[in-house]
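Heads up: the structure comes next, in structure tokens.
For the numbers below, each heavy atom of this structure counts, side chains included, while hydrogens, waters and symmetry mates do not.
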Amino acid sequence: MANGTIAFDTLQTSGQITGTAKSLDTDYVVTGSAKMWANVDQTGTQALVANFGISSISDTGVGNTTLSYTNAMGSTAYVATEMVGGGTGSTGDESFCCIPGTSLSTSSLPIRVRLDTGTASDADIVCIVITGDLA
């Protein structure tokens with residue numbers, strides 16, 4: 001089977017989609033859409049609940065997870081957006097997710113979940129969306 005190339009500037013439907021969004025500039029697909037996303041459960045044995053573009057996760061301590069990318073990012077100038085829920089701290093504590101004060105890597109992302117007190121906490125739901133250019 002031969003591999004080939006298809007080149008185009010705009011994707012357009014055949015009219016079967018209702019509404020006004022019937023075409024999409026390919027620049028949006030390349031630079032504007034999520035390249036990777038993950039839903040991680042840190043409690044017990046850490047697990048990827050669902051994901052796209054993540055090859056594996058590593059449990060690096062309470063509230064700490066490193067995501068490894070299936071395909072490398074083109075540079076460290078990308079955006080990672082996080083959301084967390086279900087921390088294992090005491091009732092009423094709010095949890096948040098952050099990237100530690102180290103430089104971003106093109107191949108992985110360390111994330112940290114902390115209670116509002118600063119205490120490390122495993123969470124039932126840690127969601128990450130990564131946008132930027134792939135290598």
Gap between atom [atom2] of [Y] and atom [atom1] of [X] - 0.5 Å precision:
{"X": "Ser105", "Y": "Leu67", "atom1": "OG", "atom2": "CG", "result": "11.0 Å"}
{"X": "Gln42", "Y": "Thr65", "atom1": "CD", "atom2": "OG1", "result": "3.5 Å"}
{"X": "Leu48", "Y": "Ile57", "atom1": "CG", "atom2": "CD1", "result": "4.5 Å"}
{"X": "Asn39", "Y": "Ile125", "atom1": "CG", "atom2": "CD1", "result": "6.5 Å"}
{"X": "Met73", "Y": "Ile130", "atom1": "CE", "atom2": "CD1", "result": "7.0 Å"}
{"X": "Ile54", "Y": "Lys35", "atom1": "CD1", "atom2": "NZ", "result": "13.0 Å"}

For the side chain of [X] and the backbone of [Y], is there at least one donor-acceptor N/O pair under 3.5 Å apart?
{"X": "Asp122", "Y": "Gly63", "answer": "yes"}
{"X": "Gln46", "Y": "Asn64", "answer": "yes"}
{"X": "Ser58", "Y": "Thr60", "answer": "no"}
{"X": "Thr70", "Y": "Ser55", "answer": "yes"}

Closest non-hydrogen atom pair between Ser68 and Ser108, with its separation: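 For Ser68 versus Ser108, the nearest heavy atoms are CA-CB, 4.1 Å.
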Over all heavy atoms of both residues, which pair between Ala120 and Val62 is shortest? Give the atoms and the distance, please.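 Scanning both residues, the minimum pair turns out to be CB-O, 3.4 Å.
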Under a 4.5 Å side-chain heavy-atom rule over Ile, Leu, Val, Met, Phe, Trp and Tyr, are [X] and [Y] clustered together?
{"X": "Leu134", "Y": "Trp37", "value": "no"}
{"X": "Val113", "Y": "Val129", "value": "no"}
{"X": "Phe52", "Y": "Ile128", "value": "no"}

Would you check if there is a donor-acceptor pair between the side chains of Thr117 and Thr119 at a distance under 3.5 Å? yes
Classify the angle between the aromatic ring planes of Tyr78 and Tyr69 as parallel (below 30°), tilted (30 to 60°) or perpendicular (above 60°). perpendicular
